[in-house]
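The block underneath contains the structure these notes are about, expressed in structure tokens.
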Amino acid sequence: MYNRVYNFSAGPAVLPEEVLKEAQDEMLNYNNTGMSVMEMSHRSKAFETIINEAEADLRKLLNIPDNYKVLFLQGGASQQFAMIPMNIMKNRKADYIITGQWAKKAYQEGQIFGDCKAVASSADKTFTYIPDCSDLDIREDADYVYICENNTIYGTKFHQLPNTKGKILVADQSSCFLSEPVDVTKYGILYAGVQKNVGPAGMVIVIIREDLITEDVLPYTPTMLKYKIHADNKSLYNTPPAYGIYICGKVFKWLLKTGGLEARKKINEEKAAILYDYLDQSKLFVGTVEKASRSLMNVPFIVNPEVVTDKEKKDALEAKFVSEAKKAGFENLKGHRTVGGMRASIYNAMPIDGVKALVKFMAEFEAQNM
Ligand SMILES: *Cc1c(COP(=O)(O)O)cnc(C)c1O
């Protein structure tokens, strides 16, 4: 039976169908090993090839310079909230830009280890924009400046990186990873939990400049939370998230085969424009983000409160939309539990036809409910 839905989940999220099918074909017998990747030693030749190719393909995609290490680690993106300060907060001072809940969580975790300062925030307008970060009050002795580059919950994206005044830039790219080309040399550390755009949950990819990997970490840093131990052991200090690495590797190959990140950016811009253009002319629905800060990946929208002024009616209409959309095969359009409304996440693997079909459905719903 074949009944896949259009899955607009913010994460874990849609993966390329051909990747899933390939994994299915190889489930019982990977490349004539007679076993599944899940069953094989992480020290085997077969797995060595998988992890080496995954790294090489990722390096090709992002044009990662030789002085950066690529680490495939466990603990998801959230583990990095602690791992970053434990490893690079030498002066016990770091400056954070607060553009949403993920940045705030990282900032709060950082406070366990040292003096963290919020140097900018968009909390005043419920995180619906990216603040001007061209001339912030970055502290002279700050160890790094931290951003969440794409805000999954609020649907904003840094379209210009902050001026860190020479300090190391650390970026959480979980929900925009590999959605467009980036200049890796601008970052000290960039990392991404993979369940948004590249693979199964539980794994994080860390791309880190070599000089930041040292023995000089905060006291009591556990072995498993030292970048150095993982870098020295090529992500094989202990059993890595092997199946996750295998699926990510397939997604990297899919991205390379379909034209790399320049081509992917064009497709993503085209997809996002279909949805934003509809929202901009819709009477019933309205996007919640300032235009200049819009994300290509996460698109939050609501029933326009200026049109449906009664709050109860508005909430009811939104609930009706989400439920009717689900019946029509559009899953996970409910907004984050903390913000309400709707959100369509349109990651790399969401086909353009999915976005077109969603917009058609929204227009029909609008016609019936205005
Ligand atoms: C989902 C998400 C996280 C948390 O990822 P986990 O793997 O669940 O820890 C962190 N940051 C951003 C931007 C996210 O979208």
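Just so you know, these numbers come straight off a predicted model, no measurement behind them. We count ligands from 1, going down the list as the structure has it; atoms in each ligand are counted the same way.
Between Arg92 and Asp143, none of the side-chain N atoms (NZ, or NE/NH1/NH2) sits under 4.0 Å from a carboxylate O, so this pair counts as no salt bridge. Taking a cutoff of 4.0 Å between a charged side-chain nitrogen and a carboxylate oxygen, Glu18 and Lys257 qualify as a salt bridge.
Between the side chains of Tyr6 and Asp353, no donor-acceptor pair of N or O atoms lies under 3.5 Å.
The aromatic rings of Tyr30 and Tyr246 lie perpendicular to each other, with more than 60° between the two planes, well past the 30° mark. Using a 30° and 60° split on the angle between ring planes, Phe361 and Phe330 fall in the tilted class, from 30° to 60°.
Taking the six-membered ring for Trp and the full ring otherwise, Phe177 and Tyr191 have centroids separated by 6.0 Å or more.
Contact residues of ligand 1 (protein heavy atom closer than 4.0 angstrom to a ligand atom; sorted by chain and number): Gly76, Ala77, Ser78, Trp102, Cys148, Asn150, Thr152, Asp172, Ser174, Gln195, Lys196.
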